[in-house]
Amino acid sequence: MTTTTQAGFNDPTAQRLESITTGAEPDVVGPLLAEVLHDPRWASCDVALIAGGKSNLTYRIGSDAGEVVLRRPPLGHILPTAHDMVREHRVLAALEGSPVPVPRVLHLGAADGPLGAPFYVMERVVGHICRNALAPGYAQTPQQRAAIGAALVETLAQLHTVDPGAVGLDDFGRPAGFMERQLRRWSKQWDASKAQEHPALDELRDELVRTRPEQGAAAIVHGDYRLDNTVLHPTEPGRIVAVLDWEMSTLGDPLADLGALLAYWSEAGDDAIRTAAQIVPPVTAAEGFPTRAEIVDRYARLTGFDVANIDWYQAFAFFKLAVVCQGIAARAAGGAMLGSGFDEAQRLVAPLVAAGQALV
């Protein structure tokens, strides 16, 4: 097994680990890995929750046999269609060997197995996951930061130009009517998660429904594509070694991914509305990173897709992020999430809605 792959999300340098094993207890996980990975050294292992992930739970498992990563759903109530481990495992397995870099999956466990929930195990990819900041000494020049931005766009374009049928994903989703269904789905998630009324969010949703553009291209969609869902090569800033967090992947409208990337992307000179809606620190505002307009232009040249309505897709991304934040806050309040850092989710809902309204 190689010594590369997935990591914990949202840490500026390596992974920030918390000594929490609930949901992946060593006395359960160790014997399981020893059996499925055919190596008795896994029977004695250490487990640590990788902090930062705000949806599925991600654990680093270490033993004398090496390190792997285990992903499973949250511990409590799960909204329908969310946290689908089987789909996440399937798309990772399908894309192995494609131009899109992904961790190698090692095992898929069923809901009736030892953990009492579906889960999968993958190799651990070594590199930088940059959420709060770039790693010290990493990508210090504008040229290197420009290379990171270019690699992000190129990797997204590569994903969107993979033929789903060629990798066994032709039945992975229904591209036709994708954004219409997305609006319905996230409206239902909002109804299921909200603790109080939020008229501005309802208004944003209604405006998105009213102005929804006709879908053009269809592709494999990641569902949450952004800088900190990638692993950057440890010494080559312009190289992505893995794309992570595929739980919302499907077949659909590729501009949904581009809109999400832009919603997360900060740039120098962002106004107060945009700044308030920053769900991650403004790493990409540093000199050298491309602007949002440059990202759109590069993506359009690489894919040939029509990006005239990209503001609508950005607005939808802000709507979706607002609903996701509300869901995180609701799960955390109910005790379904492990770790820390969930207080901010509720506060972000209103600024995210405002950013979406500014675009539509």
Side-chain angles (χ1 to χ4, degrees), residues 6-11 15-29 32 47-61 68-92 103 105 107-122 129 131 185-195 222-224 226 228-229 244-250 260 279-280 320-349 352:
Q6 153 125 17
F9 310 156
N10 311 342
D11 188 84
Q15 298 128 28
R16 181 164 60 88
L17 303 178
E18 296 188 11
S19 56
I20 299 172
T21 63
T22 305
E25 290 76 5
D27 59 345
V28 176
V29 170
L32 170 66
V47 177
L49 178 71
I50 298 174
K54 299 296 188 281
S55 185
N56 287 320
L57 300 175
T58 308
Y59 304 84
R60 188 211 64 187
I61 317 294
V68 294
V69 169
L70 184 147
R71 290 262 285 169
R72 60 154 294 157
L75 302 180
H77 172 66
I78 301 173
L79 292 173
T81 77
H83 316 293
D84 193 331
M85 296 289 94
V86 175
R87 288 182 65 82
E88 192 166 343
H89 176 276
R90 181 183 175 190
V91 72
L92 287 171
V105 289
H107 177 69
L108 175 65
D112 59 357
L115 294 189
F119 68 95
Y120 70 90
V121 179
M122 58 190 156
I129 298 177
R131 178 180 175 86
R185 172 187 174 180
W186 289 102
S187 294
K188 290 178 180 177
Q189 299 280 46
W190 163 238
D191 290 336
S193 300
K194 63 182 176 182
H222 178 275
D224 195 20
R226 61 184 196 257
D228 62 304
N229 272 340
L244 311 176
D245 200 0
W246 293 82
E247 67 184 82
M248 292 188 285
S249 60
T250 187
I279 203 165
V280 294
K320 176 178 169 181
L321 286 170
V323 175
V324 168
C325 283
Q326 180 61 54
I328 289 168
R331 291 198 301 276
M337 299 303 298
L338 299 178
S340 57
F342 300 103
D343 295 342
E344 187 76 350
Q346 185 70 65
R347 185 201 67 80
L348 278 166
V349 174
L352 288 166

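What's counted below: heavy atoms across the whole structure, side chains too, no hydrogens, waters or symmetry copies.
Contact check for L57 versus P73: no side-chain heavy atoms found under the 4.5 Å cut-off. Counting heavy atoms from C-beta on, the side chains of V69 and T58 come closer than 4.5 Å. With contacts defined as side-chain heavy-atom distances shorter than 4.5 Å, the pair R87/W246 does not qualify. Side-chain contact check for L70 versus L115: some heavy-atom pair is nearer than 4.5 Å. Using a 4.5 Å heavy-atom cutoff, the side chains of K320 and R185 are not in contact. Annotation: side chain of N229 is in contact with side chain of H222 (closest heavy-atom distance under 4.5 Å). The closest side-chain heavy-atom distance from C325 to I279 is below 4.5 Å.
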Discussion item. With side-chain contact (heavy atoms from CB on, under 4.5 Å) as the criterion, how do F119 and L32 come out once you've worked through the C-alpha distance, each side chain's angles and the decisive distance to 0.1 Å?
Written reply: CA-CA 12 Å; F119 68 95; L32 170 66; 3.2 Å; yes

Fill in: Criterion side-chain contact (heavy atoms from CB on, under 4.5 Å) on V280 and D228, from CA distance to verdict
CA-CA 9 Å; V280 294; D228 62 304; 4.3 Å; yes

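For the pair D245 and R226, the salt-bridge criterion is not met [side-chain N within less than 4.0 Å of a carboxylate O].
Classified by interplanar angle (parallel below 30°, tilted 30° to 60°, perpendicular above 60°), the ring pair Y120/H89 is perpendicular.
Expressed to the nearest 0.5 Å, how far CE of M85 lies from CD of E88 amounts to 4.5 Å. Atom-to-atom distance recorded for D224:CG and M248:CE is 4.5 Å, nearest 0.5 angstrom. Expressed to the nearest 0.5 Å, how far CG of L321 lies from CG of L348 amounts to 9.0 Å. Atoms CZ and CG, from R71 and L108 in turn, are 13.0 Å apart once rounded to the nearest 0.5 Å.
When the salt bridge (Lys or Arg N to Asp or Glu O under 4.0 Å) test is applied to D112, no partner is found at least two apart in sequence or on another chain.
Here the closest non-hydrogen pair linking G23 and R72 is O-NH1, 3.1 Å. Closest non-hydrogen pair, V91 versus S249, comes out as CG1-OG, 3.4 Å. Nearest heavy-atom pair, I328 versus A345, reported as atom, atom and distance to 0.1 Å: CG2-CB, 3.9 Å. Nearest heavy-atom pair, V47 versus Y59, reported as atom, atom and distance to 0.1 Å: CG1-CD2, 3.8 Å. Of all heavy-atom pairs between L92 and P103, the closest is CD2-CD, 3.8 Å.
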